[in-house]
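Notes for the one structure printed next.
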There are 2 protein chains.
Amino acid sequence: MKGNAVAGQSQPLDSIDRVILSTLQKEGRITNVDLASRAGLTAPPCLRRVRALEDGGVIESYHARLSASALGYGIMVFALVSLKSQAEADLKAFETHMATLPEVRECHMLNGEIDFIVKIVAHDLQAFQSFLTSQLTPAPNVAGVKTSLVIRTSKDEPGIPVDPA
Amino acid sequence: MKGNAVAGQSQPLDSIDRVILSTLQKEGRITNVDLASRAGLTAPPCLRRVRALEDGGVIESYHARLSASALGYGIMVFALVSLKSQAEADLKAFETHMATLPEVRECHMLNGEIDFIVKIVAHDLQAFQSFLTSQLTPAPNVAGVKTSLVIRTSKDEPGIPVDPA
DNA sequence: GGTGAAAGTTTTTCTCT
DNA sequence: AGAGAAAAACTTTCACC
């Protein structure tokens with residue numbers, strides 16, 4: 001094999017790529033012709049750039065953002081979880097368990113005293129309490145859990161900044 | 001005016017709607033014809049359902065997910081921020097400041113001792129330190145900031161669970 | 001790399017059930 | 001509400017620059 005067909009970082013991003021990326025990050029279902037005109041291109045080269053960004057792994061995926069409240073998820077909680085052991089196998093075991101729980105939307109390992117931060121959603125406070133005592137506290141290797149209920153969210157931007165070039 | 005053209009919750013979601021929602025949450029750029037066949041419909045009624053879900057506010061938006069590392073953002077940090085005053089005007093002032101900072105991706109107000117959890121991204125540790133001392137610590141009304149660096153992320157699901165009906 | 005035109009799909013509307 | 005057919009728009013490929 002010669003060229004990097006899959007997920008090489010390929011070219012440094014030029015300013016047209018950045019327009020494409022920031023546009024698709026905000027409007028994931030924009031048509032290629034509209035995207036092209038915002039990027040100052042015609043459709044074919046725009047499509048080629050999008051495919052290259054997808055194949056190069058810069059664009060990972062596309063998603064619809066759904067209304068939590070419309071789906072009956074009124075509760076969001078951050079849990080700070082410390083584990084008894086920091087051995088890699090034990091960290092993995094905890095992460096594997098988190099992966100199976102639909103209420104757990106994010107699981108990040110942290111440095112310092114607390115080991116994980118976990119973003120959890122639930123239908124209501126009662127459902128969350130039940131989840132906490134039946135799924136999170138008894139998870140493999142858990143030493144302690146501190147939870148904080150989200151009262152309101154003032155900012156929740158998808159993705160990351162796309163700097164102007 | 002009569003009907004609720006904008007963001008009424010309209011109908012309870014049936015199982016076809018749920019297939020549409022969970023599919024679009026995972027594959028935001030699927031074509032309507034493919035979506036229709038997964039939902040067991042033909043294209044026209046499928047499109048009508050999607051539009052109704054969009055107009056009803058169940059589908060809020062569509063986004064591309066970009067690779068943080070491909071864009072040079074190697075660092076994610078959660079900051080736990082406590083404020084000097086919990087007066088609504090002071091909470092708002094803090095949130096308004098967070099809204100202006102591109103490094104801040106999420107800002108959630110919490111119950112209990114700590115007032116906000118803020119998800120931050122940065123190019124590297126040095127850029128983060130600089131952000132912390134120049135933007136976050138001196139933000140309006142800040143009493144204290146505790147930061148935790150994310151070592152690795154094992155789960156980061158877009159959106160929320162779509163229960164099977 | 002970009003352009004313009006052509007071919008192939010998809011989206012979208014309409015009519016009917 | 002959903003289906004089939006038709007029109008309009010978009011995507012995708014190709015030849016050329």
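So you know, we letter chains A, B, ... as the sequences are listed, proteins then strands, and number each from 1.
- Distance A:D34 CG to C:dT11 P: 15 Å, rounded to the nearest Å.
- Here the side chain of B:N32 is nearest to one of C:dT3, C:dT12, D:dG2, namely C:dT12.
- Looking only at atom types and distance, the side chain of A:E54 has a donor-acceptor partner in the side chain of A:Y62 under 3.5 Å away.
- Residues A:E106 and A:H108 bring a donor and an acceptor atom of their side chains to less than 3.5 Å of each other.
- Rounded to whole Å, the distance from CZ on B:R29 to C1' on C:dT11 is 13 Å.
- Checking C:dT11, D:dA1, C:dG2 against the side-chain heavy atoms of A:L41 singles out C:dG2 as nearest.
- Closest to the side chain of B:R48, from the set C:dT11, D:dC10, D:dG2, is D:dG2.
- Of the candidate nucleotides C:dT12, C:dG1, D:dA3, C:dT12 has the atom nearest to the side chain of B:L47.
- Remark: B:R51 is in phosphate contact with C:dT12, judged by side-chain N or O atoms under 4.0 Å from OP1 or OP2.
- Nearest nucleotide to the side chain of A:T31, out of C:dT11, D:dT11, C:dG4: D:dT11.
- For A:A43, the side-chain atoms get nearest to D:dT12 when compared with the rest of C:dG1, D:dT12, C:dT10.
- Atom-to-atom, CD1 of A:I30 to C1' of D:dT11 comes out at 14 Å; the value is rounded to the nearest Å.
- Using a 4.0 Å heavy-atom cutoff across all strands shown, B:R49 reaches sugar-phosphate atoms only and no base atom.
- Rounded to an integer number of Å, the gap from B:L24 CG to C:dT11 C1' is 15 Å.
- Side-chain atoms of B:D163 and A:H123 include a donor-acceptor pair closer than 3.5 Å.
- You'll find that the side chain of A:P44 is closest to C:dG4, out of C:dG2, D:dG2, C:dG4.
- A salt bridge between B:D34 and B:R29 is absent, with no side-chain N of the basic residue lying under 4.0 Å from a carboxylate O of the acidic one.
- The phosphate of C:dG2 has neither OP1 nor OP2 within less than 4.0 Å of any side-chain N or O from A:T42.
- As rounded to whole Å, 15 Å separates atom C1' of D:dG2 from atom CG of B:L35.
- Salt-bridge annotation for A:R49 and A:D14: present, with a side-chain N of the basic residue lying under 4.0 Å from a carboxylate O of the acidic one.
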